[in-house]
Chemist: 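Here it is, the structure in full.
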Amino acid sequence: MGDIGQIIKILPPALADKLRLHTLSFGRLNELRLRVGRNVTLIYDNKEIMYDIKVTKDCIMKMLELASNYSIYAYEQSFKQGFITIEGGHRIGISGHAIIENNVIKNFNYITFLCIRVAHEVIGCSNKVVDFVYGGGIDHTLIISPPGCGKTTLLRDLVRNISDNDRLHINVSLIDERQEIAGCYMGIPQNNIGRRTDVYDGCPKDAGMMMAIRAMSPGIIAVDEIGGQNDVQAIKYCIACGCTIIATIHGYSLENVMNKPFMGELISSDYFNKIIILSGRMGKGTVEQCLNYREQHS
């Protein structure tokens, strides 16, 4: 579980004092952005606050040293992905001048922009869809949501709900490519993902799904933001092996997702049956629709 102290301790003391983060409510703190030569900005209660504080290169470097426990080299692999995860599951996105080899980012030699995304769990938020997910037995489930409408938060709590269910006794493999669901820090999940969940942290989705099938004997594989052809092939393989898939995807409607490359086949061919559609209409995580695809199209 996160707290404000985990954010404060990666800030240079002078900056932490000026921002007075200790006076803010952790639950309402969303994001902190630092850009060299520009003002520090904070997203609090989903509103932007701009401070009269200019960010320096030294400030950015000091934050990276603090976030990496003065071992930036040890986080080189994470830097290649554009972020590092700190205690509490909070994620620091990085950008600047990238070193490119064969069209692949190898590292950054100048990091001049940071975005601290504050991790918040919403324990129990999946309760509103549990009856639908459990009803008739757990089936392959797809959560459709526009960006920023709570799909990752819902997936995390749904994994916890299933994993902790002592009547089901289901082992879950969580493929956490972007380190946002479990929020692992030094390999240890910082978020509550349940007692029977194993995590592939920072692992590409397709590779993680295949490894889970070979190594961990999961009853369920949970994966966030599917979409590529490799994801689709891995999902088909896992389903053929008898594993249930719970996944999320960016989208605004079922029709919108069906028109995405490779995705229409996954749904229309009965791979995914249970569909949950989210929006931000009444705040993050608004459940617009829960539908059984087979019933709708039988």
Side-chain angles (χ1 to χ4, degrees), residues 6-7 9-12 15-16 19 30-43 48 50-51 53-119 146-148 151-152 175-187 190 199-209 211 223-231 234 248-250 260-262:
Q6 294 159 345
I7 306 298
K9 76 179 186 180
I10 66 163
L11 301 177
L15 177 60
L19 294 178
N30 308 116
E31 187 177 279
L32 179 63
R33 287 186 179 268
L34 299 98
R35 303 172 172 102
V36 170
R38 303 181 194 176
N39 296 61
V40 176
T41 58
L42 196 71
I43 305 298
E48 183 184 70
M50 185 169 288
Y51 291 83
I53 303 170
K54 296 289 186 182
V55 179
T56 66
K57 289 182 180 179
D58 288 344
C59 175
I60 296 286
M61 182 54 64
K62 183 63 175 177
M63 285 184 61
L64 291 173
E65 290 176 346
L66 291 169
S68 64
N69 295 312
Y70 292 93
S71 182
I72 291 178
Y73 177 78
Y75 283 79
E76 184 176 343
Q77 193 64 34
S78 291
F79 284 1
K80 292 178 184 178
Q81 299 181 64
F83 63 87
I84 61 174
T85 303
I86 63 171
E87 184 181 4
H90 315 295
R91 196 169 72 157
I92 304 176
I94 63 176
S95 60
H97 186 267
I99 302 171
I100 307 293
E101 291 182 18
N102 298 321
N103 208 35
V104 174
I105 296 176
K106 292 298 183 181
N107 211 329
F108 290 85
N109 56 0
Y110 296 107
I111 297 174
T112 46
F113 307 91
L114 298 180
C115 172
I116 304 172
R117 296 184 61 182
V118 181
K151 67 186 179 311
T152 302
I175 317 302
D176 197 4
E177 181 174 10
R178 297 181 302 125
Q179 300 177 297
E180 280 193 309
I181 311 172
C184 288
Y185 173 68
M186 300 181 70
Q190 302 295 290
V199 182
Y200 282 88
D201 179 47
C203 183
K205 291 186 286 291
D206 56 334
M209 285 187 272
M211 282 192 285
V223 60
D224 200 16
E225 295 190 7
I226 63 171
Q229 185 175 15
N230 290 341
D231 297 344
T248 75
I249 188 170
H250 280 139
K260 291 177 180 285
F262 316 112

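Computed from a predicted structure; not experimentally measured. The figures that follow rest on heavy atoms only: side chains count, while hydrogens, waters and symmetry mates do not.
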Chemist: Distance check, rounded to the nearest 0.5 Å: Ile86 atom CD1 versus Ile116 atom CD1?
Modeler: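 Answer for the CD1-CD1 pair, Ile86 versus Ile116, is 6.5 Å.
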Chemist: Listing request: all salt bridge (Lys or Arg N to Asp or Glu O under 4.0 Å) pairs with a residue in residues 84-94, at least two apart in sequence or in separate chains.
Modeler: Lys9-Glu87, Arg91-Glu180
Chemist: Using modelled atom types only, decide if a donor and an acceptor are shared between the side chain of Thr41 and the backbone of Met50 within a distance under 3.5 Å.
Modeler: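 Pair absent, no side-chain N/O of Thr41 close to backbone of Met50.
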Chemist: Test your reading of the model: is there a side-chain donor-acceptor pair from Asp231 to the backbone of Ile226, 3.5 Å cut-off?
Modeler: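 No; judged by distance alone, with no hydrogens or angles, the pair does not exist.
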Chemist: Taking Asp176 for the side chain and Ala182 for the main chain, is one N or O donor matched with an acceptor at less than 3.5 Å?
Modeler: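 Judged by distance alone, yes, a pair lies under 3.5 Å.
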Chemist: Is Thr112 close to Arg35 at the side-chain level, that is, under 4.5 Å between some pair of heavy atoms?
Modeler: no
Chemist: Distance from Leu11 atom CG to Lys62 atom NZ, nearest 0.5 Å?
Modeler: 11.5 Å
Chemist: Say you draw a straight line from CD1 of Ile111 to CE of Met63; how long is it, rounded to the nearest 0.5 Å?
Modeler: 11.5 Å
Chemist: Would the number of heavy atoms belonging to other residues, nucleotides or ligands and lying under 6.0 Å from OH of Tyr51 be above 12?
Modeler: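 Yes, enclosed.
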Chemist: Kindly write out the residues that satisfy salt bridge (charged side-chain N to carboxylate O under 4.0 Å, His left out) with Asp224, not counting sequence neighbours, or none if the list is empty.
Modeler: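 With sequence neighbours excluded, Asp224 shows a salt bridge (charged side-chain N to carboxylate O under 4.0 Å, His left out) to Arg178, given in chain and number order.
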Chemist: So, does His90 use its side chain to make a donor-acceptor pair with the main chain of Val118 at under 3.5 Å?
Modeler: no
Chemist: Measuring from Phe113:CZ to His97:NE2, what's the distance to the nearest 0.5 Å?
Modeler: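 These two atoms lie 12.0 Å from each other.
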Chemist: Which residues pass the salt bridge (charged side-chain N to carboxylate O under 4.0 Å, His left out) test with Lys260, not counting sequence neighbours?
Modeler: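 Salt bridge (charged side-chain N to carboxylate O under 4.0 Å, His left out) list for Lys260, sorted by chain: empty.
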Chemist: Quick one: do Val40 and Leu34 satisfy side-chain contact (heavy atoms from CB on, under 4.5 Å)? Show the steps, please.
Modeler: CA-CA 5 Å; Val40 176; Leu34 299 98; 4.3 Å; yes
Chemist: Are Cys115 and Glu31 close enough that some pair of their side-chain heavy atoms sits under 4.5 Å apart?
Modeler: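 Cys115 vs Glu31: side chains touch.
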Chemist: Is Glu225 salt-bridged to Lys151, going by a charged N under 4.0 Å from an acidic O?
Modeler: yes
Chemist: So, taking the atom named CG in Asp58 and the one named CD in Glu65, what distance separates them when rounded to the nearest 0.5 Å?
Modeler: 9.5 Å
Chemist: Are Leu114 and Val55 side-chain neighbours, meaning at least one heavy-atom pair lies under 4.5 Å?
Modeler: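 Sidechains of Val55 and Leu114: no contact.
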Chemist: So which atom in Val199 and which in Cys184 form the shortest heavy-atom distance, rounded to 0.1 Å?
Modeler: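 Taking every non-hydrogen atom into account, CG1-SG, 4.0 Å.
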Chemist: Looking only at heavy atoms, what is the nearest atom pair of Leu15 and Cys59, with distance?
Modeler: CD2-SG, 3.7 Å
Chemist: If you apply the rule side-chain contact (heavy atoms from CB on, under 4.5 Å), what do you find for Ile94 with Ile60, and how did you get there?
Modeler: CA-CA 10 Å; Ile94 63 176; Ile60 296 286; over 6 Å; no
Chemist: Of Met209, Glu177, Met211, which meets side chain to side chain contact (heavy atoms under 4.5 Å, CB included) against Cys203?
Modeler: Met211
Chemist: Please give me the minimum heavy-atom distance between Ala119 and Gly89, naming the atom from each residue.
Modeler: CB-O, 3.5 Å
Chemist: List the atom of Ile92, the atom of Ala67, and the distance in Å for their closest heavy-atom pair.
Modeler: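 So the two residues come closest at CD1-CB, 3.7 Å.
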Chemist: With rounding to the nearest 0.5 angstrom, report the CD1 to CZ distance, Ile43 to Arg117.
Modeler: 11.5 Å
Chemist: Evaluate side-chain contact (heavy atoms from CB on, under 4.5 Å) for Thr85 paired with Asp201, printing each intermediate quantity in order.
Modeler: CA-CA 11 Å; Thr85 303; Asp201 179 47; over 6 Å; no
